[in-house]
Amino acid sequence: MTPMTPMSPMDRTDRTDRTTPADRTDQTDRNDRTAPSVAELEEQQARLTLPRFTYDDAWTLGTLLVELARERSAPVAVDVRRGGQQLFHAALPGSSADNDAWIDRKRRVVERYAESSLLVGTRFRAKGKSFDTDSRLDPDRYAAHGGSFPITVTGAGVIGTVTVSGLPQLEDHALVVEALERLTAR
């Protein structure tokens, strides 16, 4: 029996984020996780509103995401921003520069629509549309794949983004949601 060759970061990225929406499973990911509905994603976003978001909160959220990813040996990059300022960034083993490009593309969707990148993509699919073609936005700059979430503050609205890239889109999204749930519980 021939030993398996470890997967390079490029191969891993190609299997997760580089596929087209038609190639990706819209309703499930590789672990048979069912995609949340538009209503479920809207509820998540409403529930995960913060009373404030300081530099310390950005550090806490970023390090929480890194801890969760390390526990799972997840090859991800993590990004936390407030307005135009990057407050936290980390790249874990197995991630690549491609993940940073995906972070930027997903983040731009959240900044434009003020909704999670997964919610935006799910809305398009629910209407039988493709974000890549029907949004009329450059797909090299915008990606409505799960993994970027708005940082919303009560009384202020969306003030930033938190983004993960490196896993299948539903897993990227779930990791961000788990970290935000833990942050709001503190």
Side-chain angles (χ1 to χ4, degrees), residues 16-17 35-36 38-72 74-92 95-124 131 135 137-186:
T16 58
D17 285 328
V38 168
E40 290 168 321
L41 292 168
E42 288 172 337
E43 183 279 326
Q44 273 180 352
Q45 196 162 308
R47 180 173 43 86
L48 295 172
T49 297
L50 304 170
R52 69 183 187 304
F53 193 73
T54 66
Y55 288 97
D56 288 338
D57 294 325
W59 177 261
T60 300
L61 179 58
T63 56
L64 184 54
L65 278 162
V66 168
E67 289 169 12
L68 291 169
R70 282 187 174 152
E71 287 171 7
R72 297 161 191 177
V76 299
V78 174
D79 183 80
V80 180
R81 292 175 185 254
R82 185 174 64 195
Q85 185 179 20
Q86 183 179 55
L87 301 180
F88 185 94
H89 184 85
L92 298 182
S95 66
S96 72
D98 284 344
N99 297 117
D100 293 330
W102 276 94
I103 282 172
D104 288 342
R105 292 173 65 211
K106 294 177 192 184
R107 175 185 48 80
R108 285 186 192 106
V109 168
V110 175
E111 290 170 347
R112 184 171 188 100
Y113 290 87
E115 296 180 324
S116 77
S117 53
L118 183 60
L119 175 55
V120 172
T122 301
R123 283 188 196 282
F124 273 83
F131 179 83
S135 70
L137 297 171
D138 182 353
D140 288 334
R141 295 188 46 79
Y142 294 87
H145 293 260
S148 190
F149 205 93
I151 296 171
T152 306
V153 172
T154 304
V158 175
I159 56 94
T161 58
V162 54
T163 311
V164 169
S165 176
L167 302 170
Q169 67 172 335
L170 296 181
E171 291 179 41
D172 279 349
H173 178 84
L175 189 61
V176 170
V177 168
E178 182 179 348
L180 283 168
E181 287 172 340
R182 289 187 183 194
L183 181 68
T184 59
R186 289 183 176 201

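In this text the structure is predicted, and so the values were computed from the model without any measurement.
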> Within 45 degrees of the axis of the six-membered ring of Tyr55 and under 6.0 Å from its centre: does Arg82 put its NZ or CZ there?
Replying inline: yes

> Is there any ring-ring contact (aromatic ring centres under 6.0 Å, His included) pair reaching into residues 146-179, and which pairs are they, with sequence neighbours excluded?
Replying inline: Phe149-His173

>> With heavy-atom distances below 4.5 Å as the criterion, would you say the side chains of Leu65 and Leu175 are in contact?
In response: yes

>> Check whether Gln45 reaches the backbone of Ser116 with its side chain - one donor and one acceptor, N or O, closer than 3.5 Å.
In response: yes

>> Can a side-chain donor-acceptor contact be found between Asp172 and His145 if the only test is distance below 3.5 angstrom?
In response: no

> Are the side chains of Arg123 and Leu41 in touch, meaning some heavy atoms are under 4.5 Å apart?
Replying inline: no

>> Is it the case that over 12 heavy atoms from other parts of the model lie below 6.0 angstrom from the CZ atom of Arg47?
In response: yes

> How would you list, by chain and number, every residue that makes a ring-ring contact (aromatic ring centres under 6.0 Å, His included) with Phe53, sequence neighbours excluded?
Replying inline: none

>> Taking Ser165's backbone N and O only, do any of them form a donor-acceptor pair with Lys106's side chain (distance below 3.5 Å, no angle check)?
In response: no

>> Closer than 4.0 angstrom, basic N to acidic O: yes or no for Arg72 and Glu67?
In response: no

>> Closer than 3.5 angstrom, by distance alone: can the side chain of Arg81 be matched with the main-chain N or O of Thr161 as a donor-acceptor pair?
In response: no

>> Do Thr60 and Asp57 pair up side chain to side chain, a donor and an acceptor below 3.5 Å, judged on atom types alone?
In response: no

>> When you compare the side chains of Ser148 and Thr163, does any donor N or O come within less than 3.5 Å of an acceptor on the partner?
In response: yes

>> In the structure I gave you, are the side-chain heavy atoms of Leu64 and Arg186 within less than 4.5 Å of one another anywhere?
In response: yes

> Listed by chain and number, what are the ring-ring contact (aromatic ring centres under 6.0 Å, His included) partners of Tyr113, not counting sequence neighbours?
Replying inline: none

